[in-house]
Amino acid sequence: MREILIIGNGISGMMCAIRCAEHGLHVRLVAPGPSEQSQSVMAAGGINAVTEDHEDGDAIDCHVEDTLKGGAYIAGRNSVYGLCSHAEEIIQYLEKIGTVFTINEKGRPAFRAFGGQSHKRTYYCGSSTGKQIVSALTMECRRFEGQGLITRVQRQHFYSALIEDGICYGAILYDEKSRTLIPVYADALVMATGGQNCLYGKTTGSGRCDGYAVGKLFMQGAVLKNLEFIQYHPTTLETPQKRMLVSEAVRGEGGRLFYFDGEKKVYFMEDKFGPRGNLMTRDVISREIISTGKDVFLDISFMDKKLIDSKIPEVRDLCEKYRGIDISKMPIPVAPSVHFFMGGLAVHKDHESSFKNLYGIGECASMYHGANRLGGNSLLAACYSGMVAADSIYGKNLSEKHPDFTGFISTEQKNLKKRLNSYSSFAAMHIRDMLADTMREHMSIVRSEESLKQGIEDVSYLLSVVDRINYDPSVSAYANYSLKGILTLGKAALTCAQARKESRGAHYRTDYPQSQKEYETATLISYENGNYKVSLDMEHVYEN
Ligand SMILES: Cc1cc2nc3c(=O)[nH]c(=O)nc-3n(C[C@H](O)[C@H](O)[C@H](O)COP(=O)(O)OP(=O)(O)OC[C@H]3O[C@@H](n4cnc5c(N)ncnc54)[C@H](O)[C@@H]3O)c2cc1C
């Protein structure tokens, strides 16, 4: 039986595993923890689809156009069409396997407004959409596990890929229990490792999605794409541990942004953009908030308390629990924070990467969101990309005999041993913190040549010392060995941002404030012997 190795058990990884199992392929689904701890469970607001119940005037073409426009016209056009035209089928499938969507008075799944969309088309499960989808997919994975088609493995991490002559033959995994490396050969390797949160430290997302896997693959020769596009969510709440997301659902339900000018409330988004100002795309709102130079608030207190309880209970709870704010009486203090990474592994339409038999799906791959993602499109993309990759794998003749990797495996083992046997009290986390400080300072919502150059210099310095430092071995080995991959990814992101000499979507440069036609391209970056090579590419926009 053909063996498929999937790294990451969030929504995209599980969706791919289930579809592979439906095709009769055997899947090994690997992650550090259970699916219930993947970032996917945090998704609150909803998932986009145009279904037969659509709002008057809405159509698949409108969803496609909104997605391309929101992404500033550099998303893979054919793929976006595929995404939007399969959305109804995905909602039906999720319902069939047990996802409990909120229903309207007619007993049909309800949908709400989300930012940057011409129509209401975001389906939701209260404010725990991700949790509901993860539960349903987990049950389905268990069912296939019972049939011997899926094996779920936990407490293992991706270490490196087994690649030779442009073909991938599986991966080396780090096993937490034995603290050793385990080679796993597979007919296809699917990366579903989520976003790159550790580049910025405190984000709305999960620290488990740190970007190491993508950084390591880059060092092994995989091409990455559009790393400069990093989405700041405009409405997040400061807490001691992290920035908590105040879902776009609040604005979808009528929430209004304002700041105080003395006693007077200034509804700056509505003043500038009209009645739909609070639902502009996230990049626009984040920049507007920053440019006010004021403390900004989100007000939903005028909403009926019963509606708050039924439509946005998790937002109500998080404001109460972390900041003691009763949102039915008080406005919520909000500020933009890093939320989503539009860039990642460069993949073709079928989600195969620049290496044969190596696939990238979900947030770790770059395909559907161009320069800025629309809320509700990421859960859809996670589901859809998992299906597309599984169908492509199934349709292929994957019987390559793997070459001898003994030498490579033993070198990787020696490298790890060296790291685990060094003695020092220096915490690897200090380096991660320094990287996050640099990224926040030099590659923020607004960038310039000067800031990016400084960022590259800072990260280059960290890279020059990272292998010479002994780290505290009592802390997680993963935190220690993952440093170089994460730093390399950070430098690649800064390099992409420096190469794009224009402003587009989430990438705004004070020295090049306008969009330029010549940059209606994807940014591709590759790595060879420590050198970073950037190219602007049309194919990933027009052919994909
Ligand atoms: C607070 C919040 C709210 C959101 N709300 C919405 C929403 O309403 N609608 C929407 O469309 N999108 C939303 N998103 C975005 C969306 O949730 C994610 O983009 C999507 O769930 C990503 O799914 P995924 O399968 O790609 O990755 P994830 O669910 O992030 O899963 C990644 C998996 O990879 C594993 N992993 C990571 N690194 C390694 C490694 N080195 N080795 C082994 N395993 C590894 C992780 O442990 C995890 O299992 C939200 C995001 C956040 C943070």
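Order of appearance sets the numbers: ligands from 1, and atoms from 1 within every ligand.
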TODO: Of the side chain and backbone of Leu245, name the one, both, or neither that has a heavy atom under 4.0 Å from an atom of ligand 1.
DONE: side chain

TODO: Report yes or no: does Tyr159 have a heavy atom closer than 4.0 Å to ligand 1?
DONE: no

- [ ] Report yes if some N/O of Gly46 lies less than 3.5 Å from some N/O of ligand 1; otherwise report no.
- [x] yes

Open item on the list: Any carboxylate oxygen within less than 4.0 angstrom of a Lys/Arg side-chain nitrogen, looking at Arg28 and Glu3?
Closed with: no

TODO: Select the closest option to atom 23 (O) of ligand 1 among Gly10, Ala381, Pro32, Ser40, judged by heavy-atom distance.
DONE: Ser40

Task: Qualifying salt bridge (charged side-chain N to carboxylate O under 4.0 Å, His left out) pairs, either residue in residues 4-22, two or more places apart - done: Arg19-Asp391

Open item on the list: With side chain to side chain donor-acceptor pair (under 3.5 Å) as the test, pick out the partner of Arg121 among Asp58, Thr51, Asp53.
Closed with: Asp58

Open item on the list: How long is the straight-line distance from OG of Ser247 back to NZ of Lys311, given to the nearest 0.5 Å?
Closed with: 13.0 Å

TODO: Could you tell me whether ligand 1 has any atom less than 4.0 Å away from a heavy atom of Ile7?
DONE: yes

Open item on the list: Below 3.5 Å, N or O to N or O, backbone or side chain included: is there any such pair between Gly45 and ligand 1?
Closed with: yes

Open item on the list: I'd like to know if Met15 contacts ligand 1, where contact means a heavy-atom distance under 4.0 Å to any ligand atom.
Closed with: no

TODO: Compare Arg208, Lys216, Met42 and give the one whose heavy atom is closest to atom 37 (C) of ligand 1.
DONE: Arg208

Task: Proximity winner for atom 33 (C) of ligand 1, if only heavy atoms of Ala192, Gly375, Gly194 are counted - done: Ala192

Task: Contact list for residues 84-95, test salt bridge (charged side-chain N to carboxylate O under 4.0 Å, His left out), sequence neighbours left out - done: none

- [ ] Check the angle between the aromatic planes of Tyr185 and Phe405 and answer parallel, tilted or perpendicular using the 30° and 60° thresholds.
- [x] tilted

Open item on the list: Which residue is it: Val27, Leu29, Ile150? I am looking for the one with a side chain to side chain contact (heavy atoms under 4.5 Å, CB included) to Phe144.
Closed with: Ile150

TODO: For atom 49 (O) of ligand 1, find the nearest protein heavy atom and state the residue, atom name and distance (0.1 Å precision).
DONE: Asn9 OD1, 2.7 Å

Task: Contact partition for Leu379 relative to ligand 1, non-hydrogen atoms under 4.0 Å - done: both

- [ ] Report the distance from atom NE2 of His348 to atom OG of Ser392, rounding to the nearest 0.5 Å.
- [x] 10.5 Å

Open item on the list: Under 3.5 Å between any N/O of Thr204 and any N/O of ligand 1: does that happen in this structure?
Closed with: no

TODO: With heavy atoms only and a cut-off of under 4.0 Å, state how His339 meets ligand 1: side chain, backbone, both or neither.
DONE: side chain

Open item on the list: Is there a polar contact, in the sense of an N or O pair closer than 3.5 Å, between His157 and ligand 1?
Closed with: no

- [ ] Measure up the Tyr174 and Tyr481 rings against each other and bin them: parallel (under 30°), tilted (30 to 60°), perpendicular (over 60°).
- [x] perpendicular

TODO: Would you name the heavy atoms of Ser366 and Lys225 that are closest together and state the gap between them?
DONE: O-NZ, 3.2 Å

Task: Close approach of Ile11 to ligand 1, heavy atoms, under 4.0 angstrom - done: yes

TODO: Give a yes/no verdict on whether any heavy atom in Gly130 is under 4.0 Å from an atom of ligand 1.
DONE: no

Task: ligand 1 contact on Asn377 by region, counting heavy-atom pairs under 4.0 Å - done: backbone

Open item on the list: Once you restrict to heavy atoms under 4.0 Å, what part of Arg373 touches ligand 1? Side chain, backbone, both or neither.
Closed with: side chain

Task: Option whose closest heavy atom lies nearest to atom 40 (C) of ligand 1, chosen from Phe158, Tyr212, Phe341 - done: Phe158

Open item on the list: Here's one to test your reading of the geometry: is the NZ or CZ of Arg419 within 45 degrees of the ring axis of Tyr471 and under 6.0 Å from its centre?
Closed with: no

Task: Spatial distance of atom OG (Ser35) from atom NZ (Lys131) [nearest 0.5 Å] - done: 14.5 Å

